[in-house]
Amino acid sequence: MADRSRKRKIETDKDSSEAKVANDSPVIAAFQQFQEELDLRHDKYERIVKSSRDLTIQSKRAIFNLHRIAGADNSEKIIHEVGRKLHEIKQYLKKIALELEGEDPFRFSRAYSPGLQEYIESLSFYYYLKNKTLVPFQEVVENCTFPAEDGKALKLEVPLPDYVLGIADLTGELMRFCMNSTANGDGDTPFTVCQFMREVHDELALLEYCCKDIGRKLGALKSSLYKVEHVCYTLQVRRSEFPQLNVADLLKCGSGMENIKMHDQ
């Protein structure tokens with residue numbers, strides 16, 4: 001019995017010695033370093049997602065305020081207020097840029113891409129209502145560039161596919177703006193918006209295979225364009241039949257708005 005206990009103790013001491021050696025090995029140390037690096041990267045990723053979510057919320061609010069222009073008498077004031085709001089929103093872009101400083105931005109592109117696309121959508125909507133044209137890609141890049149204390153510019157990478165997808169989403173807001181303007185008696189805005197949306201569609205159709213989401217966005221764009229074209233067609237035909245009626249009455253006279261709703265379904 002004594003020999004057996006002594007043998008068991010020797011084996012236990014041997015196992016403890018081997019475990020101690022294993023914990024001090026370079027392999028364990030390397031994996032511990034990997035763990036720390038991954039934890040830091042995951043924390044950074046979550047902070048970027050949080051900033052992107054805040055950016056999305058504020059951008060949606062800016063778009064909502066821009067829709068107030070339809071039928072409003074103080075459109076210039078609303079555009080000025082939204083312009084100031086968009087300038088304030090850039091703080092979230094700066095937060096993301098600071099997190100990505102010294103990092104490969106494409107490793108975190110999925111973390112901030114939704115917020116960036118929503119910001120591009122709101123900026124392009126604001127730019128169109130102010131200038132009646134499409135916001136250039138370089139303009140978006142400049143809005144994502146910030147001065148740094150050391151004199152070196154702090155820049156948030158703007159992938160070209162995110163710019164394209166943000167512009168594709170813009171057409172949905174233009175369709176809603178067209179409907180709101182028409183409902184408020186504006187019979188000219190639908191034709192201007194329709195021509196602009198056609199030009200955007202023709203350009204984006206050339207990029208259908210540049211990224212995986214553009215095909216789905218093009219489907220939504222075509223649906224929005226159909227609705228705007230239908231309103232333009234109704235106004236054009238009804239104006240020739242009933243020139244004495246205003247826009248609201250023209251749309252009530254067999255406008256076919258029910259057909260638009262049926263098309264949605």
Side-chain angles (χ1 to χ4, degrees), residues 30-63 85-128 134-173 200-221:
F31 272 93
Q32 289 176 345
Q33 182 179 356
F34 297 156
Q35 180 184 2
E36 294 177 359
E37 292 177 358
L38 287 174
D39 289 341
L40 292 175
R41 187 174 299 277
H42 291 159
D43 292 341
K44 183 186 292 288
Y45 190 93
E46 291 301 322
R47 290 195 299 270
I48 294 175
V49 169
K50 174 65 167 57
S51 298
S52 176
R53 191 178 298 116
D54 294 337
L55 178 62
T56 300
I57 294 172
Q58 297 301 326
S59 298
K60 286 183 180 294
R61 290 176 178 172
I63 292 173
K85 181 67 176 178
L86 288 174
H87 182 74
E88 296 174 357
I89 290 175
K90 291 173 63 176
Q91 63 176 307
Y92 301 106
L93 293 169
K94 188 174 182 179
K95 284 183 179 180
I96 298 174
L98 288 171
E99 291 287 352
L100 295 178
E101 192 173 13
E103 297 278 359
D104 182 359
F106 294 100
R107 287 186 176 182
F108 299 89
S109 61
R110 294 184 63 181
Y112 71 91
S113 180
L116 181 60
Q117 291 180 28
E118 195 69 32
Y119 173 75
I120 293 173
E121 180 183 354
S122 63
L123 178 64
S124 59
F125 191 27
Y126 163 80
Y127 196 89
Y128 173 80
L134 183 66
V135 60
F137 177 70
Q138 189 59 36
E139 181 81 12
V140 177
V141 173
E142 291 176 0
N143 277 272
C144 295
T145 304
F146 312 93
E149 296 180 356
D150 57 358
K152 185 179 179 181
L154 181 64
K155 181 179 178 181
L156 175 63
E157 185 70 28
V158 182
L160 188 57
D162 287 339
Y163 170 75
V164 173
L165 295 174
I167 297 303
D169 289 334
L170 164 67
T171 56
E173 302 304 331
V200 172
H201 172 269
D202 293 342
E203 295 298 328
L204 292 186
L206 302 175
L207 306 174
E208 185 173 0
Y209 301 104
C210 77
C211 58
K212 63 179 181 179
D213 293 328
I214 191 63
R216 176 175 55 84
K217 301 280 188 179
L218 275 175
L221 193 162

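Numbering of residues begins at 1 and proceeds along the displayed sequence.
Expressed to the nearest 0.5 Å, how far CD1 of I167 lies from CD of E203 amounts to 12.0 Å. A distance of 10.5 Å separates SG in C144 from CG in L154, rounded to the nearest 0.5 Å. In this structure, L123 CG and L170 CG are separated by 10.0 Å, a value rounded to the nearest 0.5 Å. In this structure, OG1 in T56 is found 13.0 Å from OH in Y119, a value given to the nearest 0.5 Å. The line from CD1 of I96 to CZ of F108 is 12.0 Å long, rounded to the nearest 0.5 Å. Taken from CG in D39 to CZ in R41, the straight-line distance is 11.5 Å, to the nearest 0.5 Å.
The minimum heavy-atom distance linking L116 with L55 is given by the pair N-CD2, 3.9 Å. Taking all atoms of both residues into account, the shortest heavy-atom contact from S122 to L86 is OG-CD2, 3.7 Å. Nearest heavy-atom pair across P114 and S52 is C-OG, 4.2 Å. Considering every non-hydrogen atom in both I120 and G166, the closest pair reads CG2-CA, 4.1 Å. The minimum heavy-atom distance linking A168 with K217 is given by the pair CB-CB, 3.7 Å. Closest heavy-atom contact between K90 and N143: CE-O, 3.1 Å.
Evaluation of the salt bridge (charged side-chain N to carboxylate O under 4.0 Å, His left out) rule for K44 yields E99 as partners, not counting sequence neighbours. For K95, the side-chain hydrogen bond (donor to acceptor under 3.5 Å, both in side chains) criterion is met by no residue, not counting sequence neighbours. Evaluation of the side-chain contact (heavy atoms from CB on, under 4.5 Å) rule for E173 yields I63, H67, E121, F125, R176 as partners, not counting sequence neighbours. The side-chain contact (heavy atoms from CB on, under 4.5 Å) test applied to P136 returns Y127, E139, not counting sequence neighbours. Residues satisfying the side-chain contact (heavy atoms from CB on, under 4.5 Å) test with D43, not counting sequence neighbours, are R47. Residues satisfying the ring pair (Phe, Tyr, Trp, His ring centres under 6.0 Å) criterion with F137, sequence neighbours excluded, are Y163. Taking E118 as the reference, K60 meet the salt bridge (charged side-chain N to carboxylate O under 4.0 Å, His left out) condition, with sequence neighbours excluded. Applying the salt bridge (charged side-chain N to carboxylate O under 4.0 Å, His left out) test to K94 and every residue at least two apart in sequence or in another chain returns nothing. R61 pairs by the side-chain contact (heavy atoms from CB on, under 4.5 Å) definition with I57, Q58, not counting sequence neighbours. Legend: residues meeting salt bridge (charged side-chain N to carboxylate O under 4.0 Å, His left out) with R107, ordered by chain and number and at least two apart, are absent. The side-chain hydrogen bond (donor to acceptor under 3.5 Å, both in side chains) search around E88 returns none, not counting sequence neighbours.
Proximity of L204 to L221: side-chain heavy atoms (C-beta onward) are separated by under 4.5 Å at one or more points. Looking only at side-chain heavy atoms (C-beta outward), Y126 and V135 stay at 4.5 Å or farther from each other.
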Problem set entry | side chain to side chain contact (heavy atoms under 4.5 Å, CB included) assessment of F146 paired with L98 | CA-CA 10 Å; F146 312 93; L98 288 171; over 6 Å; no

Problem set entry | Y45 vs R110, side chain to side chain contact (heavy atoms under 4.5 Å, CB included): CA-CA, chis, key distance, verdict | CA-CA 9 Å; Y45 190 93; R110 294 184 63 181; 4.0 Å; yes

Problem set entry | Stepwise side chain to side chain contact (heavy atoms under 4.5 Å, CB included) test for V141 and T145 | CA-CA 6 Å; V141 173; T145 304; 4.3 Å; yes

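Judged as a salt bridge (Lys or Arg N to Asp or Glu O under 4.0 Å), not a single pair has a partner in residues 159-168 (not counting sequence neighbours).
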